[in-house]
Amino acid sequence: MPAETMQFKTELKQLLHLIIHSLYSHKDIFLRELISNASDAIDRVRFEGLTKPELLEDNADWKIKLIPDEANRTLTISDNGVGMSRETIVDQLGTIARSDTREFLDSLKAADAKERPDLIGQFGVGFYASFMVADKVTVLSRMAGAAANGVKWESAGAGDFSIEDCTKPTRGTDVILHLREDAKEFLDKNRLHNLVKKYSDFVEHPIVMDVENDGKTIEDTLNARKAIWLRNKSDVNDDEYHAFYKHLSHDVNNPLKTIHYKAEGQMEFKALLYVPAKKPFDLMWGDSKKGLHLYIQRVFILDDCETLLPKYLRFVRGVVDSPDLPLNVSREILQHSAPLEKIKSNLTSKVLSTLDELKRKEFDQYVGFYNELGMFLKEGAYQDWENKKKLADLLLFESTKTDAGKFTTLADYVERMPGDQTEIYYLAGDGREVLEQSPLLESFKAKSWEVLLLTDPADEFVVDSQHEYKGKQLKAIDKAGIDQTNISDDTKKRFQPLLDYFKEKIGDVGDARLTNRLKESAVCLVSDEHAMSASMERLMQRMQRDGPMPASKRILEVNPEHSLVQALATLLEKDKNDARLEGAARLLYDQAVILEGSKVKDPLAFAQRLNTLLLTDANK
Ligand code: ADP
Ligand code: MG
């Protein structure tokens with residue numbers, strides 16, 4: 001194949017530009033990234049070699065070698081991993097095949113310069129960190145199973161890279177960094193040794209370097225290669241746990257919770273799991289690939305998150321190691337095997353019970369967690385029927401009995417319910433302030449019944465899907481059918497003409513009926529028991545791409561105790577053609593629309609009607 005020069009994809013160009021021109025601190029993470037790639041490459045060929053031993057070519061002495069070369073000012077990171085073909089190298093090192101690159105670039109630009117290197121690591125474009133220290137990078141690679149010919153990729157990180165055939169006798173990849181003048185420090189063997197200790201001590205494969213010893217050159221292993229998940233809990237300290245978490249996650253913060261346990265019985269396995277303290281950066285757009293790592297007797301098998309935990313727990317990081325799984329079956333067979341399903345359900349219970357314990361014992365910390373990662377639990381409460389109850393216990397809500405920004409659990413709500421209250425009530429809307437003004441709350445306040453205030457659109461989906469909690473129905477208070485009792489027949493008869501008038505004059509009113517749920521307010525709007533609530537409808541309308549969907553007709557509930565309502569009824573009785581009637585009816589309706597947090601359909605007409613009214617009043 002001829003030598004070629006190819007252009008980087010546009011977004012990659014921008015990314016490289018940022019890496020080269022705006023990253024000054026934490027340059028040393030390049031080494032961690034390249035070692036991590038070398039280690040991944042070894043894992044891959046080792047795994048494939050289980051079923052296709054010919055790929056190993058009698059070269060299974062796994063090794064990542066660092067070769068600093070003072071004379072040429074180069075640092076080479078060499079591995080005997082799976083290697084890359086010409087095609088893969090163009091594909092993997094010339095494009096970033098990810099849908100969320102745009103968003104990533106934007107947040108990279110917005111982020112503090114200090115945080116950027118970590119973001120890069122977390123995003124998984126680690127290879128390009130090379131250009132933080134090198135003004136030219138050469139990659140020599142030969143893929144496992146390919147003939148003796150290798151491929152040479154080279155770039156100065158500007159707009160393009162070149163690619164040509166080359167001879168490479170050994171399988172694997174050499175990444176040769178032509179260090180910049182200001183990155184000469186990375187030729188220093190002590191410096192390299194310390195960096196490996198700092199960032200890559202947990203890498204399973206030996207990271208080696210030639211060192212002089214009594215005039216002889218020997219190959220020294222720099223990393224401890226600790227499989228701490230296999231050790232006993234009592235033998236591992238927090239520092240080690242945290243360092244391993246950072247190694248796995250590329251997160252700079254310590255984890256919120258470390259879960260290390262050994263399962264025995266039906267399935268034997270060891271698990272070391274972490275709950276992050278902050279939302280992992282790469283989860284923000286739901287395109288995360290990295291979940292738990294599955295090992296079988298220390299051999300890395302896969303890190304696809306949904307195999308070991310349900311999707312909604314994708315924020316959990318860690319390692320699972322089981323001696324009971326078959327080593328030499330294909331990934332696909334393994335992924336769908338019954339033993340793995342058992343491990344999955346065990347891990348899920350463990351994560352959920354750990355969170356529940358955190359909630360019970362350190363509520364403030366749990367709230368911090370919930371603010372960062374609660375969205376994933378909501379996703380779970382909506383999807384995971386098997387653990388529905390446990391997830392419901394983990395949900396938090398604001399309510400009329402919490403201060404703004406403070407939460408209650410459903411269990412505590414039920415605990416507080418007065419004897420005559422049999423259902424759990426909620427109201428969803430755009431914000432606590434709007435919700436607190438709602439006339440719908442009046443009768444609940446009067447009875448001192450608590451109402452959950454759902455301010456996150458996801459909450460309403462979740463609560464809707466739960467239906468009940470501990471045998472108590474979850475009821476939206478903006479639905480009809482609450483508090484209609486105890487209205488006398490006389491009252492009903494007296495106000496029927498007014499109700500009919502509302503229905504006739506106001507097109508958006510599907511039905512009008514009396515209520516005694518209101519105290520201070522004259523009217524309010526509710527949905528039919530089986531229709532969408534107002535907030536759900538607003539949400540749907542926002543999500544609607546092709547034009548607005550027709551709003552459903554609402555039910556106008558009228559308070560017969562209110563003097564305004566009584567005055568209107570009297571007016572109607574006297575003269576149903578009175579010019580003031582229609583304006584007043586419309587004003588009342590629009591008021592109810594505003595109070596539920598929706599928009600008045602015709603704001604101009606609303607203002608005019610109000611002005612007319614104010615003027616009549618002023619002219620009296
Ligand atoms: P990530 O490791 O998150 O996939 P990187 O930018 O670090 O992202 O690497 C991009 C891709 O380049 C890797 O997924 C891998 O396919 C390939 N690659 C990088 N380094 C090596 C290597 N030493 N051996 C084989 N493939 C490699
Ligand atoms: Mg990488």
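Counting starts at 1 for both ligands and their atoms, in listed order. Values below: every heavy atom of this structure, side chains too, minus hydrogens, waters and symmetry copies. Just so you know, these numbers come straight off a predicted model, no measurement behind them.
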Whether N37 has an N, O or S atom under 2.8 Å from the Mg ion (ligand 2)
yes
If we number the atoms of ligand 1 from 1 as shown, the ones under 4.0 Å from a heavy atom of L93 are 12 (O)
Which atom of L75 lies closest to which atom of F186, heavy atoms considered
CD2-O, 3.8 Å
Can a donor-acceptor pair be found between the side chains of D251 and N253 at a distance below 3.5 Å?
yes
Backbone, side chain, both or neither: what part of V175 comes under 4.0 angstrom of ligand 1, heavy atoms only?
neither
Short N/O distance, under 3.5 Å, between D79 and ligand 1?
yes
Does any N or O atom in Y128 lie less than 3.5 angstrom from one in ligand 1, N or O only?
no
Ring of Y261, cation from K350 - is the NZ or CZ under 6.0 Å from the centre and inside 45° of the axis?
yes
Pull out every atom of ligand 1 sitting under 4.0 Å from any heavy atom of A41, numbered as shown with elements.
24 (N), 25 (C)
Within the structure, is a non-hydrogen atom of M84 found at a distance of less than 4.0 Å from ligand 1?
yes
Ignoring hydrogens and geometry beyond distance, is a side-chain donor-acceptor pair present between T170 and K168 at under 3.5 Å?
yes
Is the ring pair F127/F131 parallel, tilted or perpendicular, if the boundaries are 30 and 60 degrees?
perpendicular
Donor + acceptor pair across side chains of S85, T88 (<3.5 Å):
yes
From the candidates N80, T173, V82, the one that places a heavy atom nearest atom 22 (C) of ligand 1:
T173
